[in-house]
Amino acid sequence: MLAFGLVPDLSKGRSWIPVCFVLAAIILSQTLSACNPEGTVRVVVGEKSILGRPIALTDRELILLRRDGRIVEVTKSELTSADEVSTVFTPYTSLTIQSHLQGLFGKRYEVSRTPHYVVVHPRGLRQQWADPFEALYSRFTQYFVARGYTLAEPEFPMIVVVLESTTEFNRVAVNDGMTDPNLYSGYYSPTSNWIVTKVDKNVDAGSSTLIHEALHQFAFNRGIHQRWSATPKWCAEGIATMFEAPGVNNSGRHTSAKQRRHEYYLKYLKTRVDQGNSADLLESIVAGDELFEQDLELSYALSWGLAWYLAETRHSQFNAYLQKIAQRPVLQSYSPADRIADFRESFGTDFVMLENHFLNYVAEAQ
């Protein structure tokens, strides 16, 4: 479950602001606009000082990327000062993040480091939690490199938090903006850049839930998706769901084409095709995310099916499409017309023909 709702919303209205604060905000805006976009700024909000790299500056807000990888949204009227402290931006090391998280979560937890992760977990459980994520990272990398996708290097150590109780999980999830954490056993937040989960008899680092979340985090940290630009939900969820299949996330062990399929969603889609009620769904989910609000199961099935079909039959075009949407401007809205245009540029203009090929591919899968 990717927490898309956590991405900063720049469309919210703001209340009236006194003139003195408007003038101060204009001066601060001029200071921020003159800063090196690859540098580090310090902004002060009340008594709180925040260091980060400016991602976007609008007439209302400043979006900062902190040195630990978290995205912070600051209303400009709340700023009391801003200045550039360096012309470069240096993320915190995994050692620094490890020390910070150890202090944050206390002695009941152990914080383990691997080459790419910092993992908070109950004491003594490194082998059950930290090492498997590093193994997933290697397998994810192998999959994309083998298909010609050029991956970026992660800018930050990737953080995973494994909590001992549902109470702790719910508290962190609510703080991250989750409205009903009881529905989930784990999630990835593009805002914090954390995976958060809990100790559960049905969930471990090898379960489909956490493979799904680990792929989200991998994709948003290696350039497949972009954390501060709009990613079609079908694309992000389709790829993550595709990796739940053992033949995708561990092709060295599971080698058959059948093992690259998500059997549950394949069966669901076959039923829809047999019933004849699947027409025009493809264009609908490409154009917008509304179907996820109307029918979650259908949305995930269709997202998986489309990602699986494109990865299996048109992987070069799929690579080009992913690269195109990952390069979209920062925090710019992505209209249905633009989403359709980008999809057609990558896969052809005839949606009816593409949908027929897709549905036939589903129907003929054995």
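For clarity, every value in this text was computed on a predicted model and none was experimentally measured.
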Q.
If you define the side chain from C-beta out and look only at heavy atoms, does anything of Val74 sit under 4.5 Å from Lys48?
A. no
Q: Kindly determine whether Ser208 and Ile211 satisfy side chain to side chain contact (heavy atoms under 4.5 Å, CB included), including the steps that lead there.
A: CA-CA 5 Å; Ser208 61; Ile211 289 171; 5.5 Å; no
Q) Does the side chain of Thr80 reach to within under 4.5 Å of the side chain of Val45, using non-hydrogen atoms? A) no
Q: Kindly indicate, with the supporting measurements, whether the criterion side chain to side chain donor-acceptor pair (under 3.5 Å) is fulfilled by Thr271 and Asp274.
A: CA-CA 5 Å; Thr271 301; Asp274 291 343; 5.7 Å; no
Q: Evaluate side chain to side chain donor-acceptor pair (under 3.5 Å) for Thr241 paired with His262, printing each intermediate quantity in order.
A: CA-CA 8 Å; Thr241 306; His262 196 298; over 6 Å; no
Q) Is the side chain of Thr75 donor-acceptor paired with the backbone N or O of Ser77 at a distance under 3.5 Å, no angle test? A) no
Q: For Thr96 and Thr93, run side chain to side chain donor-acceptor pair (under 3.5 Å): C-alpha distance rounded to whole Å, both residues' side-chain angles, the deciding distance at 0.1 Å, then the answer.
A: CA-CA 5 Å; Thr96 299; Thr93 66; 3.1 Å; yes
Q: Return each pair, listed once, that meets ring-ring contact (aromatic ring centres under 6.0 Å, His included) where at least one residue sits in residues 235-254; pairs must be two or more places apart or across chains.
A: Phe140-Phe243, Tyr143-Phe243, Phe144-Phe243
Q) Ignoring hydrogens and geometry, is there a side-chain-to-backbone donor-acceptor pair from Arg66 to Ser192 under 3.5 Å? A) no
(Q) Could you go through Trp308 and Leu266, starting from their C-alpha distance and side-chain angles, then the distance that decides it, and tell me whether this counts as side chain to side chain contact (heavy atoms under 4.5 Å, CB included)? (A) CA-CA 10 Å; Trp308 166 67; Leu266 178 60; 4.3 Å; yes
Q) Should the heavy atoms of other residues, nucleotides or ligands under 6.0 Å from CD of Glu293 be counted, would the total exceed 12? A) no
Q.
Can you give me the closest heavy-atom contact between Cys235 and Tyr321, atom names plus distance?
A. SG-CE2, 4.2 Å
Q: Could you tell me whether the side chain of Gln142 and the main chain of Asn249 form a donor-acceptor pair under 3.5 Å?
A: no
Q) CD1 of Ile97 to OG of Ser94: how many Å apart, nearest 0.5 Å? A) 7.0 Å
Q | Distance-minimising heavy-atom pair for Asn193 and Gly69 | A | CB-O, 3.9 Å
Q: Please tell me if the side chains of Leu101 and Tyr109 come closer than 4.5 Å, counting only heavy atoms from C-beta onward.
A: no
Q) Is the closest side-chain heavy-atom distance between His315 and Leu310 below 4.5 Å? A) no
Q) Is the side chain of Asp350 donor-acceptor paired with the backbone N or O of Val352 at a distance under 3.5 Å, no angle test? A) yes
Q) How far apart are the C-alpha atoms of Val362 and Lys270, what are their side-chain angles, what is the distance that settles it, and do they pass the side chain to side chain contact (heavy atoms under 4.5 Å, CB included) test? A) CA-CA 6 Å; Val362 169; Lys270 278 178 170 290; 4.1 Å; yes
Q. Do you know which two heavy atoms are closest between Ile340 and Glu283, and how far apart they sit?
A. CD1-CG, 3.7 Å
(Q) If the test is ring-ring contact (aromatic ring centres under 6.0 Å, His included), which one of Tyr265, Phe318, Phe358, Trp304 qualifies with Tyr309? (A) Phe358
Q | pair Arg272-Tyr268: side-chain heavy atoms closer than 4.5 Å | A | yes
Q) If only atom types and distance count, is the side chain of Asp338 paired as donor or acceptor with the main-chain N or O of Tyr334 below 3.5 Å? A) no
Q) Between Glu355 and Leu282, is there a donor-acceptor pair closer than 3.5 Å when you use the side chain of the first and the backbone of the second? A) yes
Q. Less than 4.5 Å apart, any side-chain heavy atom of Glu263 and any of Lys258?
A. yes
Q.
Students often mix this up, so state it plainly: with edges at 30° and 60°, are the rings of Trp234 and Phe343 parallel, tilted or perpendicular?
A. perpendicular
Q: Quick one: pull up OH in Tyr187 and NE2 in His216 and give me the separation to the nearest 0.5 Å.
A: 13.5 Å
Q.
Could you check whether Glu110 pairs with Arg126 (Lys NZ or Arg NE/NH1/NH2 to Asp/Glu carboxylate O, under 4.0 Å)?
A. no
Q.
Just verifying a value: how many Å separate Ile55 CD1 and Leu65 CG, rounded to the nearest 0.5 Å?
A. 4.5 Å
Q: Give a yes or no answer on whether the side chain of Arg227 reaches the backbone of Pro190 with a donor-acceptor pair at less than 3.5 Å.
A: yes
Q) Minimum heavy-atom separation for Thr166 to Lys198, with atom names? A) OG1-NZ, 3.6 Å
Q) With the 4.5 Å side-chain cut-off for hydrophobic clustering, are Val44 and Leu57 part of the same group? A) no
Q. For the side chain of Arg328 and the backbone of Ser229, is there at least one donor-acceptor N/O pair under 3.5 Å apart?
A. no
Q | Non-hydrogen atoms of Asp295 and Ser299 that approach each other most closely | A | O-OG, 2.8 Å
Q) Counting distance only, does the side-chain N/O of Gln98 pair as donor-acceptor with the main-chain N or O of Val111 below 3.5 Å? A) yes
Q: Evaluate the side-chain proximity of Thr40 to Val88: yes if any heavy-atom separation is below 4.5 Å, no if none is.
A: no
Q) With a 4.0 Å cut-off, would you call Lys324 and Glu345 a salt bridge? A) yes
Q) For Gln127, does the CD atom have more than 12 heavy-atom neighbours from other residues, nucleotides or ligands under 6.0 Å away? A) no
Q. CG of Leu331 to CD of Glu73: how many Å apart, nearest 0.5 Å?
A. 9.0 Å
Q.
For a side chain to side chain donor-acceptor pair (under 3.5 Å) check, start with the C-alpha distance between His121 and Gln128, then their side-chain angles and the critical distance, and finish with the verdict.
A. CA-CA 9 Å; His121 57 80; Gln128 289 94 320; over 6 Å; no
Q) OG1 of Thr255 to CZ of Arg260: how many Å apart, nearest 0.5 Å? A) 9.0 Å
Only distances under 3.5 Å count here; give the side-chain donor-acceptor pairs of residues 150-164 to other protein atoms, sequence neighbours excluded, each with its distance to 0.1 Å.
from	atom 1	to	atom 2	distance (Å)
Glu153	OE2	Arg222	NH2	3.2
Glu155	OE1	Arg53	NH2	3.4
Glu155	OE2	Arg53	NH1	2.7
Glu164	OE1	Arg108	NH1	2.4

(Q) What's the separation between atom CG in Leu104 and atom OG in Ser99, rounded to the nearest 0.5 Å? (A) 11.0 Å
**Q.** Of Phe218, Phe220, Trp194, the residue whose pairing with Tyr188 passes side-chain contact (heavy atoms from CB on, under 4.5 Å)
**A.** Phe220
**Q.** Cluster companions of Leu51 among Ile, Leu, Val, Met, Phe, Trp, Tyr (side-chain spacing under 4.5 Å)
**A.** Val85
Q.
Surrounding CZ of Arg253 (heavy atoms of other residues, nucleotides or ligands, distance under 6.0 Å), is the total greater than 12?
A. no
Q. Hey, is the main chain of Tyr137 close enough, under 3.5 Å, to the side chain of Thr141 for a donor-acceptor pair?
A. yes
Q) Looking at Arg339 and Asp289, does any basic side-chain N land under 4.0 Å from a carboxylate oxygen? A) yes
Q: Verify side chain to side chain contact (heavy atoms under 4.5 Å, CB included) between Arg42 and Ile50, making sure each step is shown before the conclusion.
A: CA-CA 6 Å; Arg42 177 189 290 110; Ile50 306 172; over 6 Å; no
Q.
Between Ile239 and Val145, is there shared hydrophobic-cluster membership here, with clusters defined by ILVMFWY side-chain heavy atoms closer than 4.5 Å?
A. yes
**Q.** Closest non-hydrogen atom pair between Ala301 and Leu269, with its separation
**A.** O-CD1, 3.3 Å
Q: Please tell me if the side chains of Trp129 and Thr197 come closer than 4.5 Å, counting only heavy atoms from C-beta onward.
A: yes
